[in-house]
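The structure appears below as structure tokens.
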Amino acid sequence: MFFDEEFETLPREAIQALQLKRLQAMVSRVYHCVPFYRDSLDKAGVAPDSFRSLADLQRLPFTYKQDMRDSYPYRMFAVPMEEIVRIHASSGTTGKPTVVGYTKKDIDNWAALMARSFVAAGVHKGDIIHNAYGYGLFTGGLGAHYGAERLGASVIPMSGGNTQKQIMIMQDFGSTVLTCTPSYSLFMAEAAKEEGIDFKQLKLRVGIFGAEPWSEAMRNDIESKLNLSAVDIYGLSEIMGPGVAIECAAAKKGLHIWEDHFIPEIINPETGAVLPEGEKGELVITTITKEGIPLIRYRTRDITSLTYEPCVCGRTHARIARMSGRSDDMLIIRGVNVFPSQIESILMGVEGVEPHYVLIVDRKDMLDTLEVQVEVGEEIFSDEIKHLQALSFQIEKKIKEMLGVTCKVRLVEPKSITRSEGKAKRVIDNRPKA
Amino acid sequence: MHVEQISVFIENKSGRLAEVTRILGEAGINIRTLSLADTSDFGILRLIVNDAEQAKGVLKERGFTVSKNEVVAVEIPDRPGGLAELLQVLDGESINVEYMYAFVERSGENAVMIFRFEETERAITTLTGKGFAILPGERLY
């Protein structure tokens, strides 16, 4: 099933031809409309009309989140404000947020790409979409909402929070599709269980989860606890919002990135060099259809890899692997690179361990320390100390074997790790800032 | 022949033990005896109460991880060497004691010890064979 079969199944040569044409037009437009790009292209010595092939993209300088902050709020916009019909902003954890503006056509494209994404995930007209992504400056809520309407499905604009009510509505309204962060889906499952509500009695069939990295093991856990088919969706407000890429229900192996609108590259985050297909590195995206705020080689900070292998679903667009973390989430512990998602995978591989964990990083006597807090639920509890100690030891040993870092596992009481209704906080870094 | 025991996971931080006993007290549950096994991070509180099922329920409701399992209560002559005799019998049969603790009240002239064995049934058969009295749970609750 496709939403836009012609474009979703374009042969590779046709995708590339379209990308080149759109890239040339975009670069020449931003050169003339955005002083930031004129400066950066001039500095790099690239003439905007000198593009002959897609490989020329590599001659262009990167754009960083900091560039957007420096242009706060509107200086990166490539159209006059009269053309902007919507403004979103990213959840800036430090300082000013990054601001993005959409023209009417941008909103239109976004809705269409999100509708494509819904269909790829196995959603169709007639579904009731329970949208628990936050509505507001965050792009999640409205992005999914417009896509659902474009598809012609019924959308319930729940937004985040008020879990009891979410569960009641899902039950009473007969929601068939759930959209939220993966950690919030598990939070809801837990809350439902406490109220004696069985997710297996609900009509949910598909879950579309994103906005934070999650593991394959967590997918299995969500699928069994919520009794639905869970797919990963990717997006970021700077590029558009949700619907930049999505897993197809047919393969659930990598996320199709809509290449008629975005050009993905994988680079070595330290050197900036473009990496060959299949290698892991930072995802860089160039938008080629956006009008409001086009971005050239935007550094997403997300770590993944790219494949052009044909997919069983019939879509010809490249796939990015599930995000294994963010280059700025990456913890360096005694020189070893550690992503929280790697630890999550290990924990989920231990029988009975729940996906509620926190990593506490500290420094003692000049040495980094890593503590992994794991909740003790009934499944792993024992009246004998030795069994619990063996469990801690088993996890410590696995982490050492697989990641090469020594850690200490601390068993904590259930619910002592804060539950999140949005993005889960997985890391507390108490090391003094350099 | 078995005694019901509940075990509670508690983090090693102030107030947790008080919290458990307060919850049980408010629910009108009487603690008959208890023991606390602790490590540097956490402890396992083992309790024998007058109503194990209800105790488990109220603690779970308050977010504690609780399990219920069976232990054995044995009468031991209350004189020097009483416990040593019993342990010798177990040792002779290579029966492992996982842990043990004392019951607060006496049973007539005898002291009462609570045992968690690796092989409960074999331990009971061996001890009764050697003349030790095993107390049923109802005598303790």
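Here is how names work: the chains are called A, B, and so on, in the same order as the sequence lines, proteins then strands, and each is numbered from 1. Note that the structure is predicted; figures quoted are calculated from it, not measured.
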Minimum heavy-atom distance [X]-[Y], with the two atoms named:
{"X": "B/V66", "Y": "A/E378", "answer": "O-CG, 3.6 Å"}
{"X": "A/F381", "Y": "B/S7", "answer": "CE2-O, 3.3 Å"}
{"X": "A/P414", "Y": "B/G63", "answer": "CG-O, 3.3 Å"}

Are the side chains of A/I385 and B/I44 in touch, meaning some heavy atoms are under 4.5 Å apart?
->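 Side-chain contact under 4.5 Å: yes.
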
How about B/E98 and A/D383: do any of their side-chain heavy atoms sit closer than 4.5 Å?
->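 Side chain of B/E98 against side chain of A/D383, heavy atoms only: no contact under 4.5 Å found.
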
Mind ranking A/E194, A/E384, A/R410 by heavy-atom pairs under 4.5 Å with chain B and telling me who comes out on top?
->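 If we count pairs closer than 4.5 Å to chain B, A/E384 comes out on top.
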
Gap separating the NZ atom of A/K415 from the OG1 atom of B/T65, nearest 0.5 angstrom |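 Atom-to-atom, A/K415:NZ and B/T65:OG1 are 9.0 Å apart.
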
Inspect the surroundings of [atom1] in [X] and state if more than 12 heavy atoms from other residues, nucleotides or ligands are less than 6.0 Å away.
{"X": "A/E351", "atom1": "CD", "value": "no"}
{"X": "A/K200", "atom1": "NZ", "value": "yes"}
{"X": "B/K68", "atom1": "NZ", "value": "yes"}
{"X": "A/E195", "atom1": "CD", "value": "yes"}
{"X": "A/K203", "atom1": "NZ", "value": "no"}
{"X": "B/Y141", "atom1": "OH", "value": "yes"}
{"X": "A/E401", "atom1": "CD", "value": "yes"}

Contact origin within B/D41 toward chain A - heavy atom pairs under 4.5 Å |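 Looking at B/D41, backbone and side chain both touch chain A.
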
For B/E61, is it the side chain, the backbone, both, or neither that has a heavy atom closer than 4.5 Å to a heavy atom of chain A?
->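 Neither the backbone nor the side chain of B/E61 comes within 4.5 Å of chain A.
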
Taking non-hydrogen atoms and a cut-off under 4.5 angstrom, which of residues 8-23 of chain B neighbour chain A?
->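 Residues of residues 8-23 of chain B touching chain A at under 4.5 Å: B/V8, B/F9, B/I10, B/E11, B/R16.
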
Given that the side chain runs from C-beta out, which part of A/S392 has a heavy atom under 4.5 Å from chain B: side chain, backbone, both or neither?
->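 Contact with chain B: none, neither part.
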
